[in-house]
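This report refers to the structure that appears directly beneath it.
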Amino acid sequence: MDRAHDRGGGWAAGRRRIAAVPHAPVVAGVVLALLALAESIAQARGTPATYPFGHVVSAPVGEAIVHAGNMPPAERTDGALFLVVFGLLGLATTLPIALLWAQPAAAAVVVSATGLLSLAAFQTLTVAGVGAQLIAGYRLGRNGSLSLALLLAAPFPLLALADPATGEVRILILLLACFAPAAALAGIARRAHCQAVENAAAQQVIAGSLLEHTARGERARIARELHDVVAHHISMVSVQAETARLAVPGMPAAGAERLSAIGDTARAALTEMRRLLGVLREDAKTDAADRQPQPGLRLRELNELLDEARDASGTGTRLILRGRPVTLDPGVELAAYRIVQEALTNARRHARGAAVDVELHYTGDALRLLIRDNGPGPSTAMPVDGHGVSGMRERAAAVGGTLRTGPATGGGFLVEARLPGKDETAG
């Protein structure tokens with residue numbers, strides 16, 4: 001297998017080297033034309049001369065020319081003309097390969113037409129002409145019109161079925177009948193293969209670009225989550241360790257040293273995390289605004305969100321707080337903020353002009369979040385479980401909470417979420 005593969009690779013490399021030679025197609029076409037000319041002269045000298053439509057000269061053309069002095073003037077002229085016609089046909093069936101290399105359709109039409117004329121009218125064709133016909137058919141199928149390639153190859157099987165010739169000419173006709181359509185189909189198959197390879201390469205590039213774009217977006221998302229959640233916790237560890245060391249009077253030296261070490265370790269971890277965030281964000285192309293901490297449940301941020309909703313809808317939007325507000329896990333606060341944001345967007349979209357109440361109920365062990373409007377309630381125009389609702393439910397589930405939606409008591413639409421509510425300052 002390796003030997004066969006090496007042999008195939010050697011042939012392919014050889015073809016590439018030949019194709020890289022300047023004017024190689026022209027040189028090959030000229031060589032074919034010279035071979036065809038020599039073969040035409042040899043055939044004319046060695047076989048009885050046959051005129052168009054079956055008229056046979058009594059002596060070979062070569063002998064007619066050699067003994068021209070003993071022949072009448074009319075026969076001498078006919079024999080010389082017949083030899084010239086043979087030579088011109090040999091050139092016409094091969095030379096277009098060189099002259100019309102850049103135009104495969106024109107080359108194939110000329111070569112096929114002269115080949116059929118030579119076979120039908122003069123019962124002759126050169127081996128070089130057969131080779132030129134196969135080359136022209138293959139190149140037309142490879143680079144030109146598919147239907148024209150098959151159309152030009154079709155007369156040769158018909159000519160073989162008509163069986164008009166004998167001897168070597170019949171063999172050449174049978175070869176053309178078999179290989180002319182095969183050459184055209186091989187060119188068509190080669191074109192299809194190249195197109196499939198190009199399409200596969202293009203699809204691979206597209207898939208690679210899409211994968212890279214998705215990876216960049218995912219790295220940016222991970223960087224934001226690390227910054228907003230994990231970095232926050234590490235910062236709290238550092239601050240609390242330093243505060244405890246300074247705030248507790250009379251602490252033993254060993255204890256103060258341990259707390260100092262905890263703070264140093266937390267700061268070192270925070271530095272390493274910032275380096276990791278830099279790696280994750282280096283190709284995310286995020287601007288300075290994207291690098292700010294993500295929003296939470298601070299009153300300033302909630303008021304800004306509700307002010308935007310009022311400005312956009314022109315209706316009343318109230319914020320209602322129940323219970324003692326506590327600092328929640330950053331991930332929980334971010335999920336709550338995004339749920340409120342999406343619910344307000346849905347209210348503007350599906351309940352235009354309706355007033356909206358946003359209620360945050362702190363119960364100690366949980367945060368109960370309610371967003372309700374006084375609009376017409378659910379309708380066929382607003383699927384209860386659309387993409388926005390699915391996104392809110394996924395955010396709630398990601399932090400260990402639940403979310404439900406549906407008609408509100410007394411009319412309107414209600415979004416209710418229950419999120420874990422641990423007090424970070426209680427530990």
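- Applying the side-chain hydrogen bond (donor to acceptor under 3.5 Å, both in side chains) criterion to Q103, with sequence neighbours excluded, gives no partner residue.
- Residues passing the side-chain hydrogen bond (donor to acceptor under 3.5 Å, both in side chains) test with T363 are D365, sequence neighbours excluded.
- In terms of the side-chain hydrogen bond (donor to acceptor under 3.5 Å, both in side chains) criterion, residue partners of R318 (sequence neighbours excluded) are, by chain and number, D357.
- Applying the side-chain contact (heavy atoms from CB on, under 4.5 Å) criterion to L302, with sequence neighbours excluded, gives L297, L319, Y337, L360.
- Taking the salt bridge (charged side-chain N to carboxylate O under 4.0 Å, His left out) definition, one finds that R191 meets it with nothing, sequence neighbours left out.
- Here A92 pairs with T114 under the side-chain contact (heavy atoms from CB on, under 4.5 Å) rule; sequence neighbours left out.
- Listed by chain and residue number, R310 satisfy the side-chain hydrogen bond (donor to acceptor under 3.5 Å, both in side chains) test with D307 (two or more places apart in sequence, or in another chain).
- With sequence neighbours excluded, the residues satisfying salt bridge (charged side-chain N to carboxylate O under 4.0 Å, His left out) with E304 are R300.
- Residue pairs that meet the side-chain hydrogen bond (donor to acceptor under 3.5 Å, both in side chains) test with at least one member in residues 138-149, sequence neighbours left out, are S145-S147.
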Donor-acceptor contacts, no H, no angles, side chain residues 26-35, under 3.5 Å, sequence neighbours left out:
none

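- Looking at residues two or more places apart in sequence or on another chain, you find a side-chain contact (heavy atoms from CB on, under 4.5 Å) between L117 and L89, A121.
- Judged as a salt bridge (charged side-chain N to carboxylate O under 4.0 Å, His left out), the pairs with a partner in residues 398-420 (not counting sequence neighbours) are, in order, R368-E416, R404-E416.
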